[in-house]
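Okay, so here's the structure we're looking at.
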Amino acid sequence: MYLIVRKTLTLLVGAFAASFVVFCCLAVLPGNAAEVALGTNATPDAVARLSEEFGTDRPLLTQYADWALGLLHGDFGTSYVTHEPIGPRVADRFGVTLWLVAGGMLVALLIALPAGVLSAAWHRKPRGTLLSALSQAGIAVPAFLAGLLLVYVFAVRAGALPAGGYVPLAEDPGEWARHLVLPCLSLGLVQGAALSRYVRSAVLSVQRQDYMRTARAKGARRWAALCRHGLPNAAVPVLTVLGLQLSALLVGAIVVERVFVIPGLGDLLLRAVADRDLLLIQGVVTVLVVAVLVVNLLTDVLYRVVDPRLRSR
Amino acid sequence: GSGSGRQSGDALTVGLVAEPATLDFSGTDGAAIPQALLGNVYEGLVRVDQQGRIQPQLAEKYERSADGLTYTFHLRKNVKFTNGAPFTADDAVFSIDQVKTRWKLKVAQQMAVVDKAVKVNADTVAVTLKHPSNNWLYAMTSRIGAMYSRTGVGDLKNHPVGTGPFTVGSWQRGDKLILRRNADYWGVKPQLNQVSLKYFKDAGALNNAMLAGDVNVVGAVQAPETLSRFADKSRFQVIDGSSTAEVVLSMNNSRKPFIDKRVRQAVRYGIDHEALLKTARFGRGTLIGSQEAPTDPWYAGDSNRVPYDPAKAKQLVKDAGAEGTVLKMRIPNLPYAVSAAQIVKDQLAQVGLKADIEPLEFPARWLSEVFNKADYDLSIIAHSEPRDQWIFADPSYYFRYDKPAYADLLKQADAGPPQEESDRYRAALRMLSQDAAADWLYLMPNLMVADAKLQGLPVNQVGEGLEFAGVRWSGK
Amino acid sequence: MKSRMSLTIGGALVLLLLVTALLSLVWTPHDASHIDASRQLAPPDAGHPLGTDQFGRDVLSRLMEGARITVFAGVVAVGIALLAGVPMGVVSGMSGGWLDNVVMRVSDFLLAFPALLLAILLAAVYGTGTLTAMVAIGIASAPGFARVSRAATLRVMAGEYIDAARLAGRSRTAIAVRHVVPNILDVVIVQASVSFATAVLAEAALSYLGLGTVPPTPSWGRMLQESQDLLFSTPELCLWPGLATAAAVLGLNLLGDGLRDRVDPTLEGVR
Amino acid sequence: MNAGPPLLEVTDLTVDSQATRLVRGVGFTVGRGERVGIIGESGSGKSLTALAALGLLDDGLRAGGSVRLAGEELDLVSASDRALSAIRGKRVGMVFQEPMSALNPVYRLGTQITEGIRLHGTRPTRRAGHEAAAELLERLKLPDPHRAARAYPHQLSGGQRQRGVLAIALANDPDLLICDEPTTALDVTVQKEITDLIVGDSEQRGTAVLFISHDLALVSSVCHRVLVMYGGRIVESGPVHRVLSAPRHPYTRALLATSDLTPGTRPRAIPGIVPAPGDLQAGCGFSNRCALADDKCAELPPLLGGAEGAVACWHHEVPGALPGVRQPSAPQAQASWERPADGEPVLSARGLTRRYPGRRVRRLGRRPTVSVLDSIDLDLYAGQRVGVVGESGAGKSTLLRLLAGLDRPSGGRVLGPGRPGGPGRGAGGLQMVFQDPMGSLDPRQRVRDIVAEPLPHRGSPAARERVLELLAAVGLPEEAAGRYPHQFSGGQRQRIAIARALAPEPAVLLADEPVSALDVSVRAQVLDLLRTATAERDTALCVISHDLGVIRYLCDTVLVLRDGKAVETGPVESVWRAPKHPYTEQLLAAVPQLVIPDGEGSEARRAP
Ligand SMILES: Nc1ncnc2c1ncn2[C@@H]1O[C@H](COP(=O)(O)OP(=O)(O)OP(=O)(O)O)[C@@H](O)[C@H]1O
Ligand SMILES: Nc1ncnc2c1ncn2[C@@H]1O[C@H](COP(=O)(O)OP(=O)(O)OP(=O)(O)O)[C@@H](O)[C@H]1O
Ligand SMILES: [Mg+2]
Ligand SMILES: [Mg+2]
């Protein structure tokens, strides 16, 4: 309880710090929302008028304070450019990216756990070497290339799956799943290959632990000992990496969103930066930072679930 | 989804690359909004046809007074806005006044020539100009001529209201804009009951979607080298029309070395435009020599082009003492500009000019630094608006081309008798070319890939809208 | 035995990368950015062993020059991460207390900050380019280095030889320089090789998003991005930079693995 | 013990790694209810022998020969994992060295014990399982067994954990219990409790025990019979009393001699070090360290013998002097036994206290503090040698770190070198020798830099000179200066550490368990070195050891610590003979002694 309170406080402070840093960064960005909106049709007068309408002519600190106060009430503000409330829009996009990242993570785990465990268990055998060679090769493929190849094979050639796009879950669950298969695969394959290296080394080091020998001395079979005693202990280092990889996954998701034309958070962020839609950028970044921090918190909590030694701290 | 994408009776899915930020072209610039809405959702009093001629639309007919100062528009009856309100002379007057008073965009200045628009009766509007202008009527075919409902301008950014054959069904930002058939349309009702405009960030992804059957039309092929993927005639048709988008290699006329006409000419002689079109665009596109397109009435064919003559270019550079000048080539980070820039850099190097490519984030940074502040030597961008030769007449435009004689010619062409318009424009454009105000790399093709069974897609991009009213699935 | 194999293969691949990059400084078969409209997409022949791209440029020469960018990208990103992260980790691990807390929170914060956003912001301010992209990647990877070197520092600081050094009258700086840094170097090297590989991939991804290397400089990422449209008609154009990237990443990962295993026995086997 | 077929019969057991043979043909038997010990220096193959017998070798190792268990058809060496797993834990239980790492940190102790029961057929309910585990723990004399069964390993002390491991091994009442160094990591007092439990259980239930240890005294107090291993072979075997009282193999004799730390004598170390398995020469593996060795030893001596045991040596009949071992020198003068109390102490501590924040009792509540060290007074005079003893956690290391200034006291103060008012850390200062010979040397520095570290002008020629001088003084060759720590053996490393500590000619030398990580044979060398080096310069020495023998051998004064308090202090010999505090008595009672019934002058089985 105490832990959660403390962590949540850190989280909130972190999120506000992040948003403030972003705000300051944006202050030095060349170009502004009014200029972008007016494009090649801008006159200095029109830019000034539009800036006033947007509210971007006010001092930066005022803008930030307004935004931060709004946020405290759960209000992300209204987009300068589109006059839409930002909260629902970001939430919408976040949902999409969340599915993508979660699916990617699932694929990654489905690949990494068996591959890592098996290649550790067989680390002296040719099959083990083959598995780790495969995972090495998997890491070396850029995610977008993997995505393009998947599209070519499954969408263009076989026509079995859509080449891109997104259908909301609420609209049509079947289509939703069909549209997520390839993106999640291309996100998960590469991450999975990387993750399997960590699983492998965690399992390898766990295998050397004395309690594994104790388990087998009790009469547990090799695999039973590995599963019952090895894996829970290997989980702690793997969890750490999972938490760290989330950041990588979010970046990967942006590329994959691009390849598969998925209207996710990454796309929104790119767009918001291009439009210089200050508040929208703020909203996206805040959500991203909070997401990463929440995952950190979750890993912390999970550590404690997995490893009783950490509970008493 | 793919279900909606595949041919399903009366629906059409069109893949496009640039998504509009809002649906309000009165306050937001860019080609994407009129492309989606003009002619589909909004209509004007007049429109431009595939050959570039002006035709009546919401005005059944119109008259020009002998002095050229007054246009009288006789409006169609029984036209309704999609919000149910009837289209009347009041709406027309309102729309014209709005442009004059409320629009912030520079295009709205074309309405400045209007002295007043008055309702003659419920179906007739008279517009009086301050001075005769040939261009004004043409401008009325563009977005500034769009007719708004007086009661339908509450939320233009998200809910446009027009008289067109389609209405905005839904808009999933970042994904697609869905147009639905306007059941109460005054004219011939479109066969399609739904058009989805699906926006792709990535041209490759768009091609894949086309190949996978997720979209029926690639609205704009970005990379012509990919056309070979659509060679199967039984599935695909390639539409290669003309557009009004001149890819201009702009030179900053107000700065050294381009303040010297010889250097500007050297650039024009030093670039092998054929090779450029071949390598950068796989030969798709039209070579032009001035700010003109084949659909312009004054189009002069190849006569404004300059031959590739590196020796002469080198000599000109030498004469101007500009050898080895380092040029800032600040281009938008758009694929066609990046491709072309690499070739331009390579070719200029051979005539003694060194260009450093600096891709700038588009639109924000390019607009801010190149377009608004003119902090550049060379740049490359497509100017897609039709009949936009006026941009060279404005000395504050980022070309910083300041030639009163050219501006005068344009003024005369605009204000003079319509039958002399073309000749005067031709002369002006010739002057532009000879003066090497810029270099015209090529005219973008209007390149589309469509399902082989689709008919009625507009071949040329003449006006600002991509109109779907006439599109049909064959065999229906 | 296996670790020796990783080390050999990884070392060989990385050496090949370095040699190619250096060689490209003095010699490439052709000018890598010379455009030749008459040789567009030519198949391989004696003059152009890997053929030409859509601009008629020699693919082999571009690949060789691309190695340079790859090395540059890795060095910049890893260099920044190293210079920022390792001191953070060492100071944090050595001092403990509130300083440790502050440093680690800052690193957490950096970790939470999307690397891509950093890349976008830097690109928007300083213009796109390999340098800006890699600075972003470098900053984004710094927390990883900080964590790893902090953990290693904690392990080193628990060692009795640190106490011995303190008793010998060594200052904190001397202990950091003479004992801590040399002893965490192995961990840092492994992290560096992995980050190097990550940076190579990140360069490719950022170039794909148009935030990376500026044309006509031939980075592998850019080559991949430029040939993407031709992936299905002229796949070899994608194949070469793809293979080169994969080989470099593989080499670096193997090298890292090999080094780790190599370093392990001297630490553990001899107790 | 009993007649009839042996319970365990090991014949010609070999273990190979990819590179070399590690166990070279070991054969022995263990009868029902019999307790057999295996002794030998580190690396002699004791653990591998035990592991091979249960098929628990690492993947990289292969076993050969045969291992048979009475009542089983199988040869355990070639049996499948499935067949072996039916035997492991059921008929044979095993206890490993490290009590912390032998238990899985993520499961409760009870769960881990019941798992052993469940794996062999019976499927107790959760409650019944818990009951069974608690019962087992109770049998092992664990206070509050129900609580212990519910605890996670990290919540238990070392002794409790080791009892847990024992409970797992005994869960199914095995016929044979294999213990691999079951108590090395534990305190003397706990060690005694555990060995008592093992012996008691064996006696009560007739469990046979295979007991591996490098501690001769311990083996002698537990086992009936002993096997001595060297270089992957058994070199001698026989009843404990015979082997320990009349050793036949030169190696056994040498081992016995080095274990004997009689105060006032110089220890007798075995020259040379245990060769790595790959470097073992052909023939008798011990011949290069053996004074009796001759040409005959190039041939492998067979393990021959009768009822009184067997020996593998061509020269086992040569009587008399211990081969290869230096003769004990005359007892040293007793000059430094007592110190005049009126001199100025070189280091003095007054009211030394150290508190740590304890565990929070309530959430968000104040952290209580725990006193780890409580008002210790200590004076150290030049030439005095003080030993600090006490069980684990008594605060010994804390005390030393406070004296060294590596930690700041919560109360009280230390006057002396490196402190305000005392001399600096250089010459006449304070230096320290640490427990772990590897851990106290920077693996990335050459020996010359390590030794020069505390010298004032590190780079100077004078310093270089001094380093060579010191290396010679600790008996290391000159070329050692250019090598790295991992290129030395444990004993040599500790010499390097001592050379470093002596470099600035400190007035005070502190040593925290300086020999506990070393083999008996090397231990003697290092102790001798410490003793002579400090005696030469009249250096004050303060040593921690959990091995009372070491303290008695090395020190003149002893300080007994318990729970951070000094319970007894005084001259070593008088405390040894007549402990005043009951805790000291208890401590002394727990020290294992060589039990040699009719041996040559060993005074007692155990201290009374
Ligand atoms: N998995 C292994 N691979 C290779 N060599 C090994 C392995 N395990 C042990 N050895 C080697 O085999 C020899 C005997 O090892 P073993 O563990 O049996 O020694 P020990 O007598 O138990 O020593 P200690 O008292 O230190 O436990 C040592 O030289 C050791 O280095
Ligand atoms: N940093 C610390 N924080 C909290 N408690 C500590 C700390 N260091 C030591 N202690 C506690 O102080 C007590 C004494 O520790 P110390 O290391 O001095 O014992 P010791 O007598 O040397 O034991 P051992 O023989 O196991 O080395 C122990 O209970 C230990 O848990
Ligand atoms: Mg052992
Ligand atoms: Mg201690």
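Chain naming here is simple, since letters A, B, ... match the order of the sequence lines and numbering starts at 1 in each. Any value given below was found using the heavy atoms of this structure, including those in side chains, with hydrogens, waters and symmetry copies removed.
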Note, [X] side chain near [Y] side chain (heavy atom, < 4.5 Å):
X       : Y       : answer
T214(A) : N104(D) : no
Y107(D) : P308(A) : no
K218(A) : Q112(D) : yes

V92(D), part contacting chain A, at a heavy-atom distance under 4.5 Å: backbone

With a 4.5 angstrom heavy-atom cut-off, could you sort out which part of L51(D) is near chain A: side chain, backbone, both or neither? side chain

Report the distance from atom OG of S80(D) to atom CZ of R221(A), rounding to the nearest 0.5 Å.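 So the OG of S80(D) and the CZ of R221(A) are separated by 7.0 Å.
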
Inter-residue atom distance L54(D).CG - R216(A).CZ, 0.5 Å rounding: 10.0 Å

Check the surroundings of atom [atom1] in [X]: do more than 12 heavy atoms from other residues, nucleotides or ligands lie under 6.0 Å from it?
X       : atom1 : result
E131(D) : CD    : yes
Y198(A) : OH    : no
W67(A)  : CH2   : yes

Select, from S85(D), A171(D), P153(D), G55(D), the one with the greatest count of heavy-atom pairs under 4.5 Å involving chain A.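 So the answer, after comparing S85(D), A171(D), P153(D), G55(D), is S85(D).
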
Out of L119(D), V95(D), V106(D), which one racks up the most heavy-atom pairs below 4.5 Å with chain A? V106(D)

Is it the case that the side chain of D210(A) and the backbone of L103(D) share a donor-acceptor pair, with hydrogens and angles ignored and the cut-off at 3.5 Å?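 No.
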
Those residues at least two apart in sequence (or on a different chain) that pass salt bridge (charged side-chain N to carboxylate O under 4.0 Å, His left out) with R228(A) are E115(D)

Within residues 161-168 of chain D, contacts to chain A at heavy-atom distances under 4.5 Å involve I168(D)

Nearest atoms (heavy-atom pairs only) where R88(D) meets A220(A):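 Closest approach of R88(D) to A220(A), heavy atoms only: NH1-O, 4.1 Å.
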
For R208(A), is there an ion pair with D58(D) - N to carboxylate O distance below 4.0 angstrom?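 So D58(D) does not pair with R208(A) through a salt bridge.
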
Strictly by salt bridge (Lys or Arg N to Asp or Glu O under 4.0 Å), give each pair with a member in residues 102-112 of chain D just once, sequence neighbours left out. none

Taking heavy atoms only and a threshold strictly under 4.5 Å, list by residue number the residues of residues 184-192 of chain A that touch chain D; give 'none' if the list is empty. none

